[in-house]
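Counting starts at 1 for both ligands and their atoms, following the listed order. Residue numbers count from 1 along this sequence.
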Amino acid sequence: MPFQIVRNDITKMEVDAIVNAANPTLLGGGGVDGAIHSAAGPELLEECKTLHGCDVGEAKATAGYNLPAKYVIHTVGPIWQGGNNHEQQKLNSAYINSLYLAKKLGVETIAFPLISSGVYGYPKAEALKVATKAIAKFLQYNDMMVYLVIFDPASFKIGESLFDDIEKYIDDRYVAENAEPFYSEETPTPDINRADVSQRIEPPCENSGIRYSRNTSFEPSVCYDDMLSSSDDYAEICGDLIEKIKDESFSEMLLRKIDESGMKDSTCYKRANIDRGLFSKIRSNPQYKPSKATACAFAIALEMSIDETNELLLKAGYALSHSSKFDIIIEYFVTHGIYDIFTINEVLFAMDQATLGSK
Ligand code: APR
């Protein structure tokens with residue numbers, strides 16, 4: 001996963017470089033600046049003195065000394081002055097210049113704090129948006145593992161309205177964890193002849209089995225109950241489903257959808273926040289079984305409808321269900337046509353759910 005939001009203390013991150021939200025003197029301070037200097041030891045300050053300061057939006061590197069990281073990249077974010085003093089551009093430059101300096105140093109893994117969102121007073125939701133956008137842009141053209149390290153939950157804010165809308169969407173749909181699955185091997189649907197059905201439904205992968213919860217909707221407008229007007233209807237639907245499942249594996253369907261979209265492979269896996277290594281595994285193994293988060297990531301990258309998303313997930317042995325908040329959040333974004341994986345990951349992270357992309 002080339003971009004991951006994590007909760008941690010940046011001085012503990014075992015990466016090639018950590019970024020310091022410094023001030024123009026580079027002589028240390030409070031917040032993350034203070035934490036990095038105290039963890040790195042006094043030699044860091046000695047080297048910083050040789051750099052003769054740093055302008056806002058610029059970046060300079062030193063060694064990491066006692067830190068696990070090999071380098072510290074010091075950058076200076078803007079002080080928030082209401083938003084009319086080019087703060088956004090300056091903050092964007094702080095991320096971009098730090099990333100390109102890291103690239104020049106041969107850095108492969110880097111960790112950022114949420115620059116300017118503390119003492120410098122940048123509104124947190126805005127600071128997060130600028131950070132995500134700058135990092136996503138850089139990752140479109142470069143390969144690097146980038147962590148955004150959130151030290152205290154209070155500093156992680158996403159847009160209130162989006163967050164409230166999703167919370168309500170979850171509340172309206174979330175069913176208790178132990179909700180009886182609508183259809184499963186153990187509880188055959190009473191008015192359906194199981195022999196007939198089980199012959200026609202082959203689990204897409206040997207050990208997964210297929211569980212249809214009452215809320216698994218293959219058609220956005222039709223839930224299963226309406227679909228079961230008769231056993232013939234059900235058998236018909238399963239018949240179509242089987243044909244789809246039988247036709248292609250997950251990997252085959254994914255590659256077909258990428259070709260149909262006209263997207264380059266690299267564009268697709270970057271939009272899915274999947275690294276190149278995992279994508280080549282999927283491409284070279286028609287029977288590859290991805291994690292649910294990876295399958296969802298590709299559905300998002302390809303801007304699939306909820307129907308296609310369910311179909312792609314089913315190929316990997318999964319189904320979206322309303323007994324999982326993760327699934328409901330994915331459903332929210334797909335049905336609302338919001339396919340920006342970094343925005344989705346911010347919400348998933350804020351709601352303590354697994355984020356999208358390969359681990
Ligand atoms: N690890 C990760 N993030 C941290 C840590 C830590 N150990 N400590 C603080 N943070 C987070 C804060 O929660 C905030 O979200 O870093 C973010 C940036 O906050 P500040 O450190 O206050 O940096 P900034 O807002 O950019 O202000 C820079 O503060 O410390 C001084 O010398 C620094 O003058 C400069 C100013």
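- With a 4.0 Å heavy-atom cut-off, ligand 1 is reached by the side chain of Asp152 but not by its N, CA, C or O.
- Each of Leu148, Ile36, Ile150, Val15 was checked for a side-chain contact (heavy atoms from CB on, under 4.5 Å) with Ile10, and the lone residue meeting it is Ile36.
- The shortest distance between side-chain heavy atoms of Lys103 and Leu99 does not fall below 4.5 Å.
- Residue-to-ligand polar distances keep Val149 apart from ligand 1: every N/O pair is separated by 3.5 Å or more.
- The shortest N/O to N/O separation between Gly121 and ligand 1 does not fall below 3.5 Å.
- Note that Lys325 lies in the cation-pi zone of Tyr174, set by a 6.0 Å cut-off to the ring centre and a 45° limit from the axis.
- In this structure, the protein non-hydrogen atom closest to atom 22 (O) of ligand 1 is Val119 N, 2.9 Å.
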Which atom pairs, donor and acceptor, lie under 3.5 Å between side-chain atoms of residues 61-85 and protein residues at least two apart or in another chain?
| residue | atom | partner | partner atom | Å |
| --- | --- | --- | --- | --- |
| Thr62 | OG1 | His74 | NE2 | 3.0 |
| Tyr65 | OH | Glu47 | OE1 | 2.5 |
| Asn66 | ND2 | Ala40 | O | 3.0 |
| His74 | ND1 | Asn20 | ND2 | 3.2 |
| Thr75 | OG1 | Glu58 | O | 2.6 |
| Gln81 | OE1 | Asn85 | ND2 | 2.3 |

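- Every atom of ligand 1 with a heavy atom of Ile10 under 4.0 Å away is listed here by number and element: 1 (N), 2 (C), 6 (C).
- Proximity to Asp33 (heavy-atom distance under 4.0 Å) selects the following atoms of ligand 1: 30 (O), 32 (O), 33 (C).
- Not a single N or O atom of Ala35, backbone or side chain, sits closer than 3.5 Å to an N or O atom of ligand 1.
- Residue contacts with ligand 1 leave out Gly34, since none of its heavy atoms falls under 4.0 Å from the ligand.
- The side chain to side chain donor-acceptor pair (under 3.5 Å) test applied to Glu167 returns no partner, not counting sequence neighbours.
- Among the atoms of Pro113, none of the N or O lies under 3.5 angstrom from an N or O of ligand 1.
- Among all protein heavy atoms, the one lying closest to atom 11 (C) of ligand 1 is Phe151 CB, 4.2 Å.
- Residue contacts with ligand 1: Gly77 is excluded, as none of its non-hydrogen atoms falls under 4.0 Å.
- Considering Ser117, Ser38, Gly28 only, the shortest heavy-atom separation from atom 15 (O) of ligand 1 involves Ser117.
- Counting only heavy atoms of the protein, atom 17 (C) of ligand 1 lies nearest to Leu114 O, 3.3 Å.
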